[in-house]
2 protein chains.
Amino acid sequence: MNKKQLVVKLSGALNLSKADAERTFDTITNTILDALKADDSVKIAGFGTYKVAKRKARVGRNPRTGEQIQIAASQKVKFLPAKALKEVFNK
Amino acid sequence: MNKKQLVVKLSGALNLSKADAERTFDTITNTILDALKADDSVKIAGFGTYKVAKRKARVGRNPRTGEQIQIAASQKVKFLPAKALKEVFNK
DNA sequence: TTTCTATATGCAAAAACTGCATACCCAATT
DNA sequence: AATTGGGTATGCAGTTTTTGCATATAGAAA
């Protein structure tokens, strides 16, 4: 399912125009992103937690040439599924 | 930030009551979950992709006792941040 | 049409996962 | 508004899993 299909579903479920549904959805993702940018984690009960994970620098490799490469430290957004979410998929 | 705080922010940004903002948000998470339950991945351009990862059974270990443990196969929801999202946190 | 994403490759190192106790924070009920 | 029940974070070791490097291409999405 892509974003467009999701927006269509939301449009129906929320009784909104597609444009409004999309705007609503974008507002939510932006709100979450803003919190993450401010180095805050976002905990959503029954769904999961978004947090920014810091990854250390390390040695990588160019798979084509086999050549070693230094990989800089980086940050990435992590999503940790809530307990309820894990149970849904393991019953 | 927890769900309640997020709902308050959305309520302001979307000009909705808190109850409506929460209902809207729940509808979105439920829609995503339904797709995942149907074994579909959810790809949101500019944000990320949710998919269900299947993990095989394996042998683990109790860190306290060192005892070997059989771990059953399981599934978990994975979130892969989109390119745009990685860039935000690495500039 | 033009941008975005998945894939596939080998390999080193970081990170996750396991059980479990404690502390903590949140959500819901009274 | 306050209490309580429950989910979540943390630390521990050692093994499994994941990550992410470059790059082209195919396919899909905006």
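Throughout, protein chains are lettered first and strands after them, A, B, ... in sequence-line order, and every chain is numbered starting at 1. The model shown is predicted, which means the values in this text are computed figures rather than measured ones.
- Here the side chain of A:Ile69 is nearest to one of C:dA14, D:dC21, C:dT5, namely D:dC21.
- Spacing between atom CZ of B:Arg58 and atom P of C:dC17 amounts to 8 Å, rounded to whole angstrom units.
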Contact letters for nucleotides 25-30 of chain C, in which S counts primed atoms plus P, OP1 and OP2 and B counts the base, heavy atoms under 4.0 Å: -SS---
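- Between B:Phe25 and A:Phe47, the ring centre distance reaches or exceeds 6.0 Å.
- Residues A:Thr24 and A:Leu10 fail the side-chain proximity criterion, which asks for heavy atoms closer than 4.5 Å.
- Spacing between atom CD of B:Gln68 and atom C1' of D:dG14 amounts to 11 Å, rounded to whole angstrom units.
- With contacts defined as side-chain heavy-atom distances shorter than 4.5 Å, the pair A:Val8/A:Gln5 does not qualify.
- In this structure, A:Lys51 atom NZ and D:dT8 atom P are separated by 11 Å, rounded to whole Å.
- If you check every strand for non-hydrogen atoms under 4.0 Å, A:Ala53 touches nothing.
- Side-chain atoms of A:Lys51 and A:Asp39, non-hydrogen and from C-beta on, never get closer than 4.5 Å to each other.
- Distance B:Lys86 NZ to D:dC21 C1': 12 Å, rounded to the nearest Å.
- In this structure, A:Ala84 reaches neither bases nor backbone, as no heavy-atom distance under 4.0 Å exists between it and the strands shown.
- For the OP1/OP2 pair of D:dG20 and a distance below 4.0 Å, the side-chain nitrogens and oxygens of A:Arg55 include at least one atom meeting the criterion.
- Residues B:Val59 and B:Gln70 have side chains in contact (heavy-atom distance under 4.5 Å, counting atoms from C-beta outward).
- By the 4.5 Å heavy-atom criterion applied to side chains, A:Leu80 and A:Tyr50 are not counted as neighbours.
- Rounded to an integer number of Å, the gap from A:Ile71 CD1 to C:dC11 P is 15 Å.
- Residue B:Thr65 places no side-chain N or O under 4.0 Å from the OP1 or OP2 atom of C:dG19.
- In this structure the side chain of B:Thr27 never reaches within 4.5 angstrom of the side chain of B:Glu22, judged on heavy atoms.
- Where B:Thr49 and A:Asn62 meet DNA chain C, the nucleotide closest to each residue was compared, and B:Thr49 sits on the side nearer the 5' end.
- Regarding A:Lys78, its NZ atom lies at a distance of 16 Å from the P atom of C:dA14, rounded to whole Å.
- A side-chain donor-acceptor contact under 3.5 Å links A:Asp40 to the backbone of B:Met1.
- Residue A:Lys76 places at least one side-chain N or O under 4.0 Å from the OP1 or OP2 atom of D:dG20.
- Side chain of A:Arg61, nearest nucleotide from D:dT8, C:dC11, C:dT18: C:dC11.
- In terms of position along DNA chain D, the nucleotide closest to B:Ala57 lies nearer the 5' end than the nucleotide closest to the other residue of the pair A:Met1 and B:Ala57.
- One interatomic measurement links the two molecules: CZ of B:Phe79 to C1' of C:dA6, which rounds to 16 Å at whole-angstrom precision.
- Atom CG in A:Leu6 sits about 15 Å away from atom C1' in D:dA30, given to the nearest Å.
- Contact annotation for B:Gly46: backbone-only contact, meaning every heavy-atom pair under 4.0 Å involves sugar-phosphate atoms and none involves a base.
- An OP1 or OP2 oxygen of D:dT23 is reached within less than 4.0 angstrom by no side-chain nitrogen or oxygen of A:Arg64.
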